[in-house]
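Reading through the structure tokens given below for one structure.
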Amino acid sequence: MLGALVIVFREVLEAGLIIGIVMAATRGVEGRGRWVAIGVGAGILGAAIVAAFAGVIAEAFEGIGQELFNAGVLGAAVVMLMWHNAWMARHGREIAMEMKQIGSAVSEGARPLTALAVVVGLAVLREGSEVVLFLYGIFAQGTSGLSLLTGGLLGILAGAAFTGLTYAGLLAIPQRYIFAVTSWLIALLAAGMAAQSAQFLYAAGVINHLGETVWDTSWLLTEKSLFGQLMHTLVGYVAQPTALQVVAYVAALAAMFVLMRIARYRPQARPVEA
Amino acid sequence: MRHLFAFTALAALLVAAPLTAKAADEFTLTIKDHKFSPAELKVPANKRVTITVINSDPTPEEFESESLKVEKIIAGNAKATVRIGPLKPGRYGFFGEFHEDTAKGVVIAE
């Protein structure tokens, strides 16, 4: 039962951290709860579908379908996160000002929300499909299934609780800094996803260079430990990264930075518009 | 709209990329009763290697390794291909994530 709890918790944790950050990043924006809920719902539905077709996906494209699928899901999430951060760089200040006026509807806020709902959906889709497969495996085994299932469900609850903790922790940050902090978190999150996505393309044989391991810090922190897992999801920590992962990480971070600088720039003479 | 372009671009990139892997050394691992056989697999160092993992159990398994940088789900009674390397000489542990207590193994690169 404990094993099941840990496995399911690990999967839910990854998606949960992302949901917690998204909730904090959209603090004070109207309708965010609905969008995040849509993202979670769509993700769970998608996860069940992906799990049902796991065999088909794995065999697609001469056996590298699963790698391409994962690379695609992660890549799409990176693009959405970049879009969100660029959008916030442009409009964040207005939203921060409007938040202070009680009852003012931040209609603009709905735009980056769609991007973030997609990110939440993709995160739940990827991690959730593993949970579904794992729990299905338990059902298929029959015996001892009940205690394992209990463990799995407790794992989901523990993961959800962790999501709440992440959110509460981020909420403790003063309102003034919350945009800056969540922007950084999202930038690092995206860079980590980009590195993972590139590694899936390498595993698929689409990229065939830079596969050498650059360093090994697994003596210090492995990705399997709880803290290692946290660091892996939050900032993309990898104990034994390949050159490709490092390049993808730095490139994504640089692209995010440039995009945010461009978005922040606006000609002086023009009136403010959406 | 913009993200639609991104999706399309990504899809185009994936389809246009060469799908055929280089002819590499091929190996086989079998999962039975949530155990890997052979539990120790010798592969050549400094080469890309292809391992076909055959899951003879009815339940799904995830072939995972931090050091080999692999994460691959294999459905019950199915097989999947995993590409690893080039590896420096050494021992690289792997495990089946869904049955970690029994499903363990090592790739030895030499």
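Not measured: the values here are computed from a predicted model. The sequence lines fix the lettering, A, B, ..., with proteins before strands; numbering per chain opens at 1.
Atoms CD and CD1, on Glu130(A) and Ile73(B) in that order, are 4.5 Å from each other to the nearest 0.5 Å. Distance check: Glu64(B) CD to Lys224(A) NZ gives 6.5 Å after rounding to the nearest 0.5 Å.
For Glu97(B), the parts sitting under 4.5 Å from any heavy atom of chain A are the backbone and the side chain alike. Only the side chain of Gln199(A) has a heavy atom closer than 4.5 Å to any heavy atom of chain B.
A heavy-atom distance below 4.5 Å is not found between the side chains of Asn70(A) and Glu71(B).
Between chain A and the options Ala75(B), Ala78(B), Pro60(B), heavy-atom pairs under 4.5 Å are most frequent for Pro60(B). Residue with the most contacts toward chain B among Ala58(A), Ala54(A), Ala51(A), Ala203(A): Ala203(A) (heavy-atom pairs, distance under 4.5 Å). Per-residue counts of heavy-atom pairs under 4.5 Å with chain A were compared for Lys88(B), Lys72(B), Glu62(B); the largest is that of Lys72(B). Each of Asp216(A), Leu133(A), Ile207(A) has some count of heavy-atom pairs under 4.5 Å with chain B, and the biggest count is that of Leu133(A).
Annotation: salt bridge (Lys or Arg N to Asp or Glu O under 4.0 Å) contacts of Lys69(B) (sequence neighbours excluded): none. Partners of Leu68(B) by side chain to side chain contact (heavy atoms under 4.5 Å, CB included), not counting sequence neighbours, listed by chain and number: Ser65(B), Val70(B), Ile84(B), Leu87(B), Tyr92(B), Phe94(B), Val107(B).
Looking at Glu223(A), its side chain never comes within 3.5 Å of a backbone N or O of Glu66(B) through a donor-acceptor pair.
Using a 4.5 Å heavy-atom cut-off against chain B, the contacting residues of residues 235-245 of chain A are Ala239(A), Gln240(A), Pro241(A), Thr242(A), Gln245(A).
Relative to the six-membered ring of Tyr202(A), Arg48(B) meets both conditions, a distance below 6.0 Å and an angle of at most 45° to the axis.
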Apply the test salt bridge (charged side-chain N to carboxylate O under 4.0 Å, His left out) to residues Glu100(B) and Arg10(A): give CA-CA distance (whole Å), side-chain angles for both, the deciding distance (0.1 Å), then the verdict.
CA-CA 14 Å; Glu100(B) 235 188 291; Arg10(A) 269 213 307 254; 3.7 Å; yes
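Listed by first and then second residue, the ring pair (Phe, Tyr, Trp, His ring centres under 6.0 Å) pairs involving residues 71-91 of chain B amount to none (not counting sequence neighbours).
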